[in-house]
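What's counted below: heavy atoms across the whole structure, side chains too, no hydrogens, waters or symmetry copies. Letters A, B, ... mirror the listed sequences (proteins, then strands); counts begin at 1. Values in this document were obtained by computation on a predicted structure and should not be read as measured data.
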Amino acid sequence: MQALIDEVLPALESAMASVGIQGDYWRKMLARSKEASQGDLALPCFPFAKQLGCSPDEVAQQIVDVLELDIGQAVAVGPYVNIRASMDWLAKQLSKTVESKGLILIEHTSANPNGPFHVGRARNAVLGDTFTRMHRAAGYDVIAEYYVDDMGKQVGILCWALENLDEAQVQALLAEGEIPIEDSPHSSKEDHIRVLWYQAANLLRAKDPAVDDGVTELVQLSEEADADVLARFEAAYQPVLDGMLVTLSRMGIEFDSFTKESTFIVDGSVEVLMNQLQSSELHCVAENGAHYLELESKGIQGKSTRFYYRRGDGSSLYATRDLAYHQQKWTRSGRLLNILGEDHKLQSKQVSIALQELDTQPPEVVFYAFTKLADGKMSTRRGNVVYMDDLLDEAQVRAYAVVKEIRSDLSQERLQEISDAVGISATRFNIARISPDKGITFRWADALSLEADSAPFIMYSHARACSIHRKAGKVDTSVGLDISALEGSAGELVRRMAYMNEELQTAIDSASPHQFCAWLSALAVDYNRFYRDNHVIDDAGIDVQNYIISELARDYLRRGCEAVGIIPVEEM
RNA sequence: GGGCGCGUCGCAUAGCUGGAUAGUGCACCGGCCUCCUAAGCCGGGUUCCGUGGGUUCGAAUCCUGCCGCGCCCGCCA
């Protein structure tokens, strides 16, 4: 909408001046209309009434009387000036190409490789990948990055378990701890196998202190960049990580690069940075020699004002390595975006302050609220989880039932292909369409919903457009679109499409992928209405004008789907 | 105890840089396939926008008290 505002403003300015309204405080009042029927932009005239000594309705009319727009028209409706862009102006927006906007590194997911990917983590992955896709659609180059925790306690426990427990012990411990061993098609995946060792070791820790001793020793060695231990860690977690990545790939989520936490111990950058921090004005040393930054002066309140970055024994902490990691990321991209759960808010703030002490710019961060089960928080350790592999299976089974019902004419193979796409798209969209700061309680029915306002609805609209495209065959479109003649639902469809790039950019800038999801749903609605009112193919042959619009919409629907991770199948 | 976030129809959700009758989906009721995919379209809503104050011409939106829910407050990751 900003492009339209920019175009309208000069004319409006002179109109306001000639009516007698001083200043430019009203500029920010010019905003998009709430309803399409009211036009594209609206200016409320209440505040001018007193100044001019007449009613808001009269002010609106006066402004409209002197306002000369060449990109649309203005009408006074009560106390509002409503401005509607002309079809010609909208058409110009459609023909604009996406400009290149530079590089951004988006780090997301980065889940500990200690077990299968579960739905609690899915929000990070779906949001991260949706941001990645939206940025790409808007003209950015994106590095999708996964930070691998390859040296913490969790990996240490996994490694210890695999080296010290045999299968019988694992089975016995899990039975005793009442952690169910799932029997699923994925039971033979390494992430699903190795998580049992991880869970068993966690149970054993509670009664055998030798476990923690062993783990602690491993973790300490890893922090000293012990090559042997790091290699053993990798041997333990890599098959798990690979399994997780298979799940993510199934959801259409791929990464361009992986960075291991141990990198920054091995290359010494953490040590360099810890020494640098000593010259910070915030630097303090605790009684036992631990180093921290005192953040009280930086607006951190309560008990958490100390940011420890070096232990009493001289070693670094996770957060310290995170600082080194951010410095490394800045060497790869001029913009950084992190997708983090709300539990990382404080830590992220502390890291940002510490980075500034190192003369390093903090990253942009998007936080999202947790996904929990109806009976509490998810935990891989306790086995209180719904694994993504199982959710996707279920989604695809349910989708298959629906698709088969409707399309009995399709081959088994085609049915499977479509229902897989529907299942995955619906699962993703059900996450992406919700505001990130709204908490989600996981319910099967919601997660698998195939109803309207969901991915299948949008996919269906796209499939309709594809069907028309197939049926129409080769069409001579050289006459072009006579856009000024458009009205009704065809005009509304064009209007919707014209704002795609702005909607995309706004969703990116305000970290609100759900807004773009809403735009996409609205586009699908508009296409369905266009479809109802305007036939492309009928007895008389093909209506070229309608065909061109349908083809435009097909392209916009496809691009929109790709930008939010919906698979735009061509029939369903 | 302190910090951050959330609370909108039976359920879910949008709107939150103040402005027009608070949108949308589900559920429920009715209508539309001799015509390009009916997973669609059209019609049907009395919501103290958690609650009490305040600011304003105007408050779901801003300020503030209270209530409820979530997250965080390790020399863990």
Side-chain angles (χ1 to χ4, degrees), chain A residues 28-29 31 33-35 38 42-47 49-50 56 77-80 82 112 149 151-156 219 261 286 288-292 299-306 308-313 315-319 321-322 341-347 349 367 369-370 372 377 399 402-403 405-407 422 430 433-435 437-441 443 445-446 449-454 456-461 463-472 510 514-515 517-518 521-522 524-525 527-529 531-539 542-543 546-547 550 571-572:
Chain A
K28 64 178 194 300
M29 288 163 50
S33 301
K34 291 215 162 149
E35 288 185 39
Q38 293 161 346
L43 180 71
C45 297
F46 302 97
K50 200 181 277 180
V77 180
Y80 294 88
N82 286 339
N112 269 308
D149 258 330
M151 52 178 289
K153 189 181 272 178
Q154 306 207 39
V155 172
V219 170
E261 188 183 340
N288 71 342
H291 294 235
Y292 63 91
I300 306 279
Q301 292 160 330
K303 295 189 249 178
S304 43
T305 64
R306 290 182 174 187
Y308 281 96
Y309 66 88
R310 174 172 243 157
R311 293 196 189 95
D313 67 4
S315 62
S316 62
L317 289 91
Y318 173 84
R321 291 161 226 142
D322 207 20
E342 61 181 347
D343 54 335
H344 283 73
K345 274 187 181 175
L346 175 60
Q347 162 110 37
K349 199 169 176 182
F367 295 101
F370 266 56
K372 51 170 195 152
K377 209 171 156 180
V402 176
V403 178
E405 177 89 8
I406 298 168
R407 295 300 302 270
V422 167
N430 284 336
R433 56 182 269 263
I434 297 187
S435 169
D437 48 25
K438 208 117 180 172
I440 296 179
T441 300
R443 291 186 196 87
D446 294 344
S449 167
L450 305 178
E451 308 296 341
D453 198 21
S454 71
F457 171 79
I458 296 161
M459 296 166 79
Y460 178 74
S461 300
R464 267 184 159 173
C466 289
S467 172
I468 288 175
H469 172 75
R470 279 193 302 272
K471 287 223 163 91
S510 61
H514 66 287
Q515 284 182 0
C517 290
S521 289
V525 169
Y527 182 74
N528 286 333
R529 288 179 182 154
Y531 176 92
R532 175 197 63 200
D533 296 338
N534 306 275
H535 280 209
V536 175
I537 304 165
D538 56 26
D539 299 341
I542 289 170
D543 182 314
N546 286 340
Y547 175 79
S550 182
E571 64 176 340
M572 63 185 283

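Atom name C1', nucleotides B:C57 and B:U13: the rounded distance is 32 Å, in whole Å. One P atom belongs to B:U61, the other to B:G5, and the distance between them is 16 Å to the nearest Å. If you take atom C1' in B:G15 and the same atom in B:C32, they sit 32 Å apart, rounded to whole Å. Across the P atoms, B:C63 and B:G25 are found 32 Å apart, a figure rounded to whole Å. Across the P atoms, B:U34 and B:C48 are found 43 Å apart, a figure rounded to whole Å.
Nucleic acid contact class of A:Lys303 (heavy atoms, under 4.0 Å, all strands): base. Here A:Ala31 lies out of heavy-atom contact (under 4.0 Å) with every strand.
A sub-4.0 Å separation between OP1 or OP2 of B:G15 and a side-chain N or O of A:Gln515 is present. At the phosphate of B:C73, neither OP1 nor OP2 sits under 4.0 Å from any side-chain N or O atom of A:Arg306. One finds a side-chain N or O of A:Ser467 lying less than 4.0 angstrom from the OP1 or OP2 phosphate oxygen of B:U37.
Within the cation-pi definition used here (under 6.0 Å to the ring centroid, within 45° of the axis), A:Arg464 qualifies as a partner of A:Tyr531.
Of the residues near RNA chain B, A:Ser33 and A:Ile468, the one whose nearest nucleotide (by heavy atom distance) lies more toward the 5' end is A:Ser33. Each of A:Tyr318 and A:Cys466 was matched to the nucleotide of RNA chain B holding its nearest heavy atom; the match closer to the 5' end belongs to A:Cys466.
In this structure, the side chain of A:Arg310 does not engage the main chain of A:Tyr292 through any donor-acceptor pair within 3.5 Å.
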